[in-house]
Peer 1: 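One structure is given below, represented as structure tokens, and several questions about it will come after.
Side-chain atoms are counted along with the backbone in the values below, which use heavy atoms only and exclude waters and symmetry mates. This one's a predicted model, so the numbers in the text were calculated from it and none came from an experiment. Residue numbers run from 1 in the order of the sequence given.
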Amino acid sequence: MKGDRVEIVIDAGGTPRTYEVIATRAGRRVEVTTGRGIVEVSEVTRTGTPVRTARFMSNRVIALVEHPVDERRPGD
């Protein structure tokens, strides 16, 4: 969903670094997968085609925060 974002905090040798992957267009979403020591965060289309992908070593990931967009409208 447009507006979905995932914030990743990485240990970069003593100082933390923050990265964000954001769903930039309508119909796109952000997916997180983990496996074999890798955390992968991808922005994907409706059909599942990855547009952008960020990969991190799981032992360097300090925090992974998902911020889903609020689908409710203020008038509801």
Side-chain angles (χ1 to χ4, degrees):
M1 184 106 207
K2 182 178 178 178
D4 283 349
R5 69 185 173 101
V6 175
E7 187 177 356
I8 307 104
V9 181
I10 304 296
D11 177 23
T15 58
R17 295 188 68 174
T18 302
Y19 298 93
E20 286 186 342
V21 176
I22 302 170
T24 56
R25 296 181 125 179
R28 292 189 180 169
R29 64 188 183 279
V30 179
E31 292 183 348
V32 178
T33 57
T34 58
R36 296 190 175 224
I38 299 290
V39 175
E40 184 174 280
V41 183
S42 300
E43 177 185 0
V44 296
T45 62
R46 288 183 178 133
T47 60
T49 305
V51 178
R52 293 183 303 142
T53 301
R55 291 186 184 103
F56 305 96
M57 293 172 43
S58 61
N59 61 347
R60 294 286 185 178
V61 175
I62 297 172
L64 186 89
V65 183
E66 296 183 39
H67 300 279
V69 70
D70 188 12
E71 293 182 23
R72 292 178 287 147
R73 295 191 179 145
D76 292 344

Peer 1: Do you know which two heavy atoms are closest between Ile62 and Pro16, and how far apart they sit?
Peer 2: CD1-CB, 4.3 Å
Peer 1: Kindly work out whether a path of hydrophobic side-chain contacts (I/L/V/M/F/W/Y, heavy atoms less than 4.5 Å apart) joins Val65 to Tyr19.
Peer 2: no
Peer 1: Specify the closest pair of heavy atoms between Arg29 and Gly48, including all atoms of both residues, with the distance to one decimal.
Peer 2: NH2-CA, 4.3 Å
Peer 1: Which heavy atom of Thr47 sits nearest to which heavy atom of Thr49, and what is that distance?
Peer 2: OG1-OG1, 3.3 Å
Peer 1: How many angstroms lie between CZ in Arg55 and CD in Glu40, if you round to the nearest 0.5 Å?
Peer 2: 4.5 Å
Peer 1: With side-chain contact (heavy atoms from CB on, under 4.5 Å) as the criterion, how do Ile8 and Val39 come out once you've worked through the C-alpha distance, each side chain's angles and the decisive distance to 0.1 Å?
Peer 2: CA-CA 10 Å; Ile8 307 104; Val39 175; 5.9 Å; no
Peer 1: Which atom pair, heavy atoms only, marks the closest approach of Val30 to Val21?
Peer 2: CG2-O, 3.9 Å
Peer 1: Just by modelled atom types, is the Pro68 backbone N or O under 3.5 Å from a matching donor or acceptor in the Arg5 side chain?
Peer 2: no
Peer 1: Please lay out, stage by stage, how Thr24 and Glu43 fare under the test side chain to side chain donor-acceptor pair (under 3.5 Å).
Peer 2: CA-CA 8 Å; Thr24 56; Glu43 177 185 0; 3.1 Å; yes
Peer 1: So if you build clusters from Ile, Leu, Val, Met, Phe, Trp, Tyr with side-chain heavy-atom gaps below 4.5 Å, do Ile10 and Met57 land together?
Peer 2: no
Peer 1: Under the salt bridge (Lys or Arg N to Asp or Glu O under 4.0 Å) test, which residues partner Arg17, sequence neighbours left out?
Peer 2: none
Peer 1: Is there a path of hydrophobic side-chain contacts, each under 4.5 Å between heavy atoms of I, L, V, M, F, W or Y residues, that connects Phe56 with Val32?
Peer 2: yes
Peer 1: Hydrophobic clusters join Ile, Leu, Val, Met, Phe, Trp and Tyr when side-chain heavy atoms are under 4.5 Å apart, directly or via other members; which others share one with Ile22?
Peer 2: none
Peer 1: Test side-chain contact (heavy atoms from CB on, under 4.5 Å) on Val41 and Leu64; report intermediate values, then the result.
Peer 2: CA-CA 10 Å; Val41 183; Leu64 186 89; 4.3 Å; yes
Peer 1: Determine whether Val9 and Val61 fall in the same hydrophobic cluster, where Ile, Leu, Val, Met, Phe, Trp and Tyr are linked whenever their side-chain heavy atoms lie under 4.5 Å apart.
Peer 2: no
Peer 1: For Gly27 versus Arg46, what's the shortest heavy-atom pair and its separation?
Peer 2: O-CG, 3.2 Å
